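All remarks here apply to the structure that follows.
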Number of protein chains: 2
Amino acid sequence: MEKTLKRMATMHRMQTTGLNLFYKNGYYNTSVDDILKELSLSKGAFYYHYDSKEDFLVQIIEQLVVRKVYSMLIEPIEGHENTLDLITNCFEDALETAVHNELDYGFLLNNFINEFNGRNPEIMKHLNEILRIWEVTLVSAIQRGKFNGHIDRHVDAEGVAVYLMSSFIGIRTLMVETAPSARKYRFMSQLRQYFKSIESKSENQPNNTIY
Amino acid sequence: MEKTLKRMATMHRMQTTGLNLFYKNGYYNTSVDDILKELSLSKGAFYYHYDSKEDFLVQIIEQLVVRKVYSMLIEPIEGHENTLDLITNCFEDALETAVHNELDYGFLLNNFINEFNGRNPEIMKHLNEILRIWEVTLVSAIQRGKFNGHIDRHVDAEGVAVYLMSSFIGIRTLMVETAPSARKYRFMSQLRQYFKSIESKSENQPNNTIY
DNA sequence: TAGCTATCCGACTTGTTGGTCGGTTTTAAC
DNA sequence: GTTAAAACCGACCAACAAGTCGGATAGCTA
């Protein structure tokens, strides 16, 4: 098993530096040699572990991106507290890493979608799958919120989900150069404003108390 | 002047096909030869008119992108009708061209920002300038709305502007592959919902009647 | 110690890129 | 028709890309 461990360690090292460079410079604008140079590894090592540059990217998406999106955007809103609070905090945290110029996976998703859309259907399949899961999670969180009496029963859960995803993806693009911190603050304020407009108007007890 | 006309015609032809290809495949992923092939022109013609590929792009942005963004996203909201109606209609129209898979300049902006961010400061300067103008226009439209009594006086105009830009940029990314028409519809519904939450609550006459 | 295999090396091939340059054609003025 | 500038041609170059391949090395097993 020692051999397997070494293999995994090397591949993981390759993937993290690869992802960082893809994030910084884009996939098509990053050469395999660029990655190898940063790792002090050779072409041989790369093509020993991966079939091609694209295979490398697919494994990065499956191993790193999917998992990170899960931990940053999916799991935080799966709790049973007030849905709107959960989403607010989740976005707050995700955008905070962005303010500090760290690699943030929500934006990475946006980057990749723009780069591969209409050019590489294979990769797009993976990216769309991630988006789909995010959307589904949001929809059920909102429905849970309606059920628990935190969200008005008349709101369209799918609509809210699409609107939330849109605004999140968009604010990340707007935060890349100009006043990220100020823009984040303004964005979060308006998000709360929007949430106020869809939260339950009545002071009724939540639905689940009737059980 | 006949010579100048021919020059302009050729350059314009180059720019429109260039922009289309950049939109479809990205800037770095489109070679000068790709463009020339589509135009049935030669390298010589290209470098006779432009200093470099980057110079070519800058001229495209200045000649085509800026003007189109103006006519699609800026001018439509500069009228004196109800601001929220103007913005709603403007987004509605802009997203409709997107549904039909036409080259839409709001999305192009998003594409370019993602492609050049952190890689080409010269180009980013131009793109940020366009965003700035869009933001300023939105802010003053909202302030006009407050003044005219269509929008609640307590809302933060800058915040609303950032939120609107975010959501617009984001929905365009989400519309690229999955159910663009349905997503547009849901997005617009929620936008209206959000607008309801910031519109003037009272039935007071607008401010300007006191003059 | 010998041998086997997983890992890694780096020169190489093949193709593409942005850009150059000497030359040819087109155009308009005289 | 002559001429000169404007517009265009396309072979060419150096740099760089992804991917190949014969060989080196290191660590484990017998």
Side-chain angles (χ1 to χ4, degrees), chain A residues 1-61 63 112 115-116 119-123, chain B residues 1-61 63 112 115-116 119-123:
Chain A
M1 281 302 122
E2 211 59 38
K3 311 170 204 171
T4 320
L5 270 181
K6 170 154 198 196
R7 179 185 180 83
M8 280 172 60
T10 306
M11 289 178 81
H12 191 262
R13 225 161 55 88
M14 285 175 169
Q15 288 174 16
T16 48
T17 46
L19 181 59
N20 269 295
L21 287 177
F22 290 159
Y23 178 67
K24 236 188 287 176
N25 309 318
Y27 173 78
Y28 291 115
N29 214 23
T30 303
S31 71
V32 173
D33 281 323
D34 289 340
I35 301 165
L36 263 10
K37 203 167 119 195
E38 194 147 320
L39 289 161
S40 299
L41 281 177
S42 68
K43 273 277 172 68
F46 185 87
Y47 285 96
Y48 172 74
H49 289 293
Y50 300 99
D51 291 343
S52 65
K53 193 187 173 189
E54 178 165 329
D55 171 45
F56 179 56
L57 174 65
V58 170
Q59 293 207 36
I60 285 181
I61 293 176
Q63 301 294 321
F112 277 173
E115 193 164 7
F116 297 112
R119 289 160 220 165
N120 193 323
E122 182 60 27
I123 303 293
Chain B
M1 282 303 119
E2 211 59 41
K3 311 170 202 171
T4 319
L5 269 180
K6 170 153 199 199
R7 180 184 178 83
M8 281 174 58
T10 306
M11 289 179 81
H12 190 262
R13 224 162 56 87
M14 285 176 168
Q15 288 174 17
T16 48
T17 47
L19 180 59
N20 270 295
L21 287 178
F22 289 159
Y23 178 68
K24 235 187 287 175
N25 309 318
Y27 173 78
Y28 291 115
N29 214 23
T30 303
S31 71
V32 174
D33 281 323
D34 288 340
I35 301 164
L36 263 9
K37 204 168 119 193
E38 194 147 321
L39 288 161
S40 300
L41 281 176
S42 69
K43 272 276 174 68
F46 186 87
Y47 284 95
Y48 173 74
H49 290 292
Y50 301 100
D51 291 342
S52 65
K53 193 187 174 188
E54 179 165 329
D55 171 46
F56 179 56
L57 175 65
V58 170
Q59 293 207 37
I60 285 180
I61 293 176
Q63 302 293 322
F112 277 174
E115 192 163 7
F116 296 112
R119 288 159 220 167
N120 192 323
E122 182 60 28
I123 303 294

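To find a chain, count down the sequence lines: A is the first, B the second, and so on, and within it residues start at 1. These numbers were taken from a predicted model, which means no experiment stands behind them.
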**Asked** What residues, two or more places apart in sequence or in another chain, satisfy side chain to side chain contact (heavy atoms under 4.5 Å, CB included) together with A:Asp55?
**Response** A:Tyr50, A:Asp51, A:Ser52, A:Gln59
**Request:** Please identify each residue that fulfils side chain to side chain contact (heavy atoms under 4.5 Å, CB included) with A:Asn120, with sequence neighbours left out.
**Result:** A:Tyr28, A:Glu54, A:Phe116, A:Glu122, A:Ile123
**Message:** What I'd like to find out is whether the side chain of A:Phe56 reaches to under 4.5 Å of the side chain of A:Tyr47, using heavy atoms alone.
**Reply:** no
**Item:** Rounded distance (nearest 0.5 Å) linking atom CG of A:Leu21 with atom OH of A:Tyr23
**Value:** 13.0 Å
Nearest whole Å is fine: how far is [N] [atom2] from [X] [atom1]?
X	N	atom1	atom2	result
A:Met8	C:dA6	CE	P	17 Å
B:Phe56	C:dT17	CZ	P	15 Å
A:Leu39	C:dG10	CG	P	14 Å
A:Ile35	D:dG19	CD1	P	11 Å
B:Arg13	D:dC8	CZ	P	8 Å
B:Phe46	C:dT20	CZ	C1'	14 Å

**Message:** At under 4.0 Å between heavy atoms, how does the protein contact nucleotides 10-18 of chain D? Give one character per nucleotide, 5' to 3', with B, S or -.
**Reply:** B------SB
Check whether any side-chain nitrogen or oxygen of [X] sits under 4.0 Å from OP1 or OP2 of [N], and answer yes or no.
X	N	answer
B:His49	D:dC8	yes
B:Tyr48	D:dA7	yes
B:Thr10	D:dA7	no
B:Arg7	D:dA7	yes

**Prompt:** In chain order, what residues pass the salt bridge (Lys or Arg N to Asp or Glu O under 4.0 Å) check against A:Lys53, with sequence neighbours excluded?
**Reply:** none
**Fill in**
Those residues at least two apart in sequence (or on a different chain) that pass salt bridge (Lys or Arg N to Asp or Glu O under 4.0 Å) with A:Asp34 are none
